[in-house]
Asker: 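Handing you this structure, nothing more for now.
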Amino acid sequence: MVTQCGFSVTIHMGGVDLPEYGIEQNHALNTTECYVPSQAGKEYAVLIKRQGDNGSPVTHVKVKLYLDGVKDCVARPVLSQNRREILISSVRDTDTSVRPFLFDELQTTDDNFQVTAVPAKPGCIRIELQRILLETRRRQRGRNDKQSNSYSKLPEELTNRVVVHETHKKAGGIKSSFGPPRQTASVAPIGPPSEYEHYTKPYSKEDEKPFVCFTFYHRTEAMLKAQGIMPHSRSSSVVELSDGDLSDKEDIGNHNTRIRELEEKQAQLDAERITLNSQIRKGKRKRSPAQVKEEEELRPHRFFKPGEVVDMTHL
């Protein structure tokens with residue numbers, strides 16, 4: 001679990017908190033980035049906790065969750081004084097069913113015609129927290145209060161099967177998806193609509209943007225170890241950035257840039273290895289036929305002239 005600005009966030013998989021590695025915190029921008037190990041076919045959830053108020057008068061905080069760079073794929077719950085912990089584990093697709101979050105493997109192919117669209121940021125879970133005011137207003141007359149059927153419009157980037165070329169740098173990676181539907185209690189309103197409705201707005205002009213962001217990059221355990229992010233002995237190190245030491249900030253930024261370059265090179269090498277193995281397998285299936293030596297045709301006219309008499313008494 002990582003903590004910043006009085007809020008803590010962690011990723012659950014199989015009911016267990018995933019350990020964080022390579023944690024980087026920028027106190028000037030209120031951002032936290034880290035890596036977590038993931039496994040294809042496993043369900044996961046995002047847990048957000050409000051640890052303290054830090055003397056802030058803000059009582060409500062809206063949670064925005066982005067999966068693989070896709071926004072507005074889940075509802076935006078609100079943390080408050082009475083609701084200090086939120087577990088987001090699924091997305092509602094109908095009035096009576098939900099689909100759990102799922103880690104899914106990016107499929108690979110060597111056929112360009114089978115390649116599909118890839119999410120903007122596969123392998124990335126981003127949580128943004130925004131300070132808001134919860135207001136009440138009189139419901140407008142003539143407004144359609146019937147429950148909308150927008151549940152079924154889930155992002156295609158997360159619901160469809162994603163296939164990338166085996167030479168793509170994302171080959172072998174993990175993306176977010178949804179599991180099969182599960183039946184739940186209906187959320188349709190009972191009885192006539194209330195005369196009043198709730199709505200939210202930024203707490204101040206400065207709060208039109210999130211005040212703290214958490215980003216989790218999930219990879220397979222083998223990939224994290226190969227990239228040197230996850231040590232064999234499970235230990236996490238936190239790199240903290242502050243305004244007081246700009247030189248350290250620049251050094252850390254250079255290190256992060258170098259790490260990204262090494263990751264891309266490693267991904268290219270992995271893709272090249274996959275391509276070579278594929279070519280080897282194809283070569284074995286398409287062996288060239290055995291070469292047969294052709295005997296030279298004997299042509300007597302090359303050695304004898306027509307009508308010529310050959311003396312063979314000495315042979």
Asker: Once side-chain hydrogen bond (donor to acceptor under 3.5 Å, both in side chains) is applied, do any residues pair with Lys225, and if so which ones, sequence neighbours excluded?
Answerer: Glu221
Asker: Run the side-chain contact (heavy atoms from CB on, under 4.5 Å) test against Glu206 and tell me which residues pass, sequence neighbours left out.
Answerer: Ser204
Asker: Using the test side-chain contact (heavy atoms from CB on, under 4.5 Å), find all partners of Ala222 that sit at least two apart in sequence or belong to another chain.
Answerer: Thr220
Asker: In chain order, what residues pass the side-chain contact (heavy atoms from CB on, under 4.5 Å) check against Leu102, with sequence neighbours excluded?
Answerer: Glu43
Asker: Mind checking salt bridge (charged side-chain N to carboxylate O under 4.0 Å, His left out) for Lys201 and listing every partner two or more places apart, or none if nothing turns up?
Answerer: none
Asker: Does NZ or CZ of Arg131 lie under 6.0 Å from the centre of the six-membered ring of Tyr203, at an angle within 45° of the ring axis?
Answerer: no
Asker: Sorted by first residue and then second, give each ring pair (Phe, Tyr, Trp, His ring centres under 6.0 Å) pair with at least one member in residues 86-108; sequence neighbours left out.
Answerer: Tyr44-Phe101, Tyr44-Phe103, Phe103-His218
Asker: Which hydrophobic side chains are connected to Val98, either touching it within the sub-4.5 Å cutoff or through other members that do?
Answerer: none
Asker: Taking only residues two or more places apart in sequence, or in another chain, which ones meet Ala45 in a side-chain contact (heavy atoms from CB on, under 4.5 Å)?
Answerer: His12, Leu87, Ser89
Asker: Quick one: side-chain hydrogen bond (donor to acceptor under 3.5 Å, both in side chains) partners of Ser8, sequence neighbours excluded?
Answerer: Thr3, Gln51
Asker: For residues 78-97, which residue pairs qualify under ring pair (Phe, Tyr, Trp, His ring centres under 6.0 Å), counting only residues two or more places apart or in two chains?
Answerer: none
Asker: Mind checking side-chain hydrogen bond (donor to acceptor under 3.5 Å, both in side chains) for Ser80 and listing every partner two or more places apart, or none if nothing turns up?
Answerer: none
Asker: Under 4.5 Å between side-chain heavy atoms, chaining through other members, with only Ile, Leu, Val, Met, Phe, Trp and Tyr counted: pull out the rest of the cluster around Leu29, sorted by chain and number.
Answerer: none
